[in-house]
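Report on the following structure.
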Amino acid sequence: AMEKSYVSMFLLLIVISCALAKDAGKKDTKDTTAKPKLPQTLSRGWGDQLIWTQTYEEALFRAKHSQKPLMIIHHLEECPHSQALKKVFAEHKDIQKLAEKFILLNLVYETTDKNLAPDGQYVPRVLFIDPSLTVRADITGRYSNRLYAYEPSDISLLYSNMQKALKLLKTEL
């Protein structure tokens, strides 16, 4: 009789520890859906599940060879405007979906290509380059003094500019 109670105690312990483990597991998945605990990759937080190119040269090469437009986001980690735009960009489901149709590059430093700073080196700024490797000066934000700047409140304009960059591609090629 003594052995039996040991066995049932032992089984009860296993059941309890499994239940605890399951709860712990549940809690983890809830946290990760809130914000992915992925390592900071080339996305730098602009869309961790998107494919980002590493360098400007690689981005140009891929735009040309894939015949996809290139979207370049200039930003700085310590700039509150960049941070604010990044947050709405990363959380905007439609933008994240549409971004899959682009070659993507985000830069925290300036390139030597003056074409990427048509009206100055400010952040955040977003430029579109077509597969012929032409900077699309016709796809701008709403500010006349900083043509390629977007505020978080301009996120729908950025979305329609992305659509525009894809449409131009179809009509011109």
Checklist entry - Would the number of heavy atoms belonging to other residues, nucleotides or ligands and lying under 6.0 Å from NZ of K164 be above 12? => result yes
Query raised in the report: Hey, any chance V135 and M71 share a hydrophobic cluster, counting ILVMFWY side chains that come within less than 4.5 Å of each other, even indirectly?
Result: no
Would you say that N161 contacts Y150 through its side chain, given a criterion of any heavy-atom pair below 4.5 Å between the two side chains?
yes
(Q) Tell me if a side-chain donor or acceptor on E58 pairs with a main-chain N or O of Q54 at a distance below 3.5 Å. (A) yes
_Contact check, side chains of H74 and V126, non-hydrogen atoms, under 4.5 Å_ = no
Output, in order, the C-alpha distance, side-chain angles, deciding distance and verdict of side chain to side chain contact (heavy atoms under 4.5 Å, CB included) for D113 and Y56. CA-CA 9 Å; D113 188 346; Y56 181 43; 2.6 Å; yes
Less than 4.5 Å apart, any side-chain heavy atom of L166 and any of P69? yes
Taken to the nearest 0.5 Å, the spacing of L168 CG from D130 CG works out to 8.5 Å
**Prompt:** Does the side chain of K101 come within less than 4.5 Å of K68's, by heavy atoms?
**Reply:** no
Quiz item: Yes or no on side chain to side chain contact (heavy atoms under 4.5 Å, CB included) for H75 and L85, after CA distance, side-chain angles and deciding distance?
Solution: CA-CA 9 Å; H75 64 109; L85 184 64; over 6 Å; no
V108 and L76 have their tightest heavy-atom pair at O-CD2, 3.4 Å
**Asked** Could you go step by step and tell me if L107 and I73 meet the side chain to side chain contact (heavy atoms under 4.5 Å, CB included) rule?
**Response** CA-CA 6 Å; L107 293 173; I73 304 169; over 6 Å; no
Between side-chain atoms of residues 139-149 and protein atoms elsewhere (two or more places apart, or another chain), which donor-acceptor pairs fall under 3.5 Å?
{"residue": "R142", "atom": "NE", "partner": "D154", "partner atom": "OD1", "Å": "2.6"}
{"residue": "Y143", "atom": "OH", "partner": "D154", "partner atom": "OD1", "Å": "3.4"}
{"residue": "Y143", "atom": "OH", "partner": "D154", "partner atom": "OD2", "Å": "2.8"}

Correct closest heavy-atom pair for P152 and V88 would be CA-CG2, 3.8 Å
Worksheet item: Can R125 and E110 be counted as an ion pair, charged N to O under 4.0 angstrom?
Response: yes
Output for pair (I155 CD1, S160 OG), nearest 0.5 Å, gives 10.5 Å
dist I129:CD1 -> L60:CG (nearest 0.5 Å) comes out at 5.5 Å
*Please confirm whether the backbone N or O of I103 pairs with a side-chain atom of W52, one donor and one acceptor, at under 3.5 Å?*
no
Exercise for the section: Answer yes or no: is there a donor N or O on one side and an acceptor on the other, between the side chain of S82 and the main chain of E77, under 3.5 Å? Expected result: no
Interatomic distance, CE@M162 vs NE2@H92, rounded to 0.5 Å, equals 9.0 Å
Note: A99 and L50 closest approach over all heavy atoms is CB-CD1, 3.7 Å
Between V123 and H81, is a side chain to side chain contact (heavy atoms under 4.5 Å, CB included) present by the stated rule, with each step listed?
CA-CA 8 Å; V123 292; H81 298 284; over 6 Å; no
Rounded to the nearest 0.5 angstrom, the OH-NZ distance for Y159 and K97 is 10.5 Å
Cluster check Y109, L70: I/L/V/M/F/W/Y, side chain < 4.5 angstrom
yes
In this structure, are over 12 heavy atoms from other groups packed under 6.0 Å from L157 atom CG?
-> yes
By side chain to side chain donor-acceptor pair (under 3.5 Å), T134 pairs with (sequence neighbours left out) S132
*Exam field: side chain N106 to backbone L42, donor-acceptor pair closer than 3.5 Å*: yes
CG (L105) and OG1 (T53) are apart, to the nearest 0.5 Å, by 4.0 Å
Please check: side-chain N/O of K86 versus main-chain N/O of R44, any donor-acceptor pairing under 3.5 Å? yes
Looking only at heavy atoms, the pair that brings A63 and P131 closest together is O-CB, 3.6 Å
### Query
Where does the angle between the aromatic ring planes of F89 and W46 fall among parallel (under 30°), tilted (30 to 60°) and perpendicular (over 60°)?
perpendicular
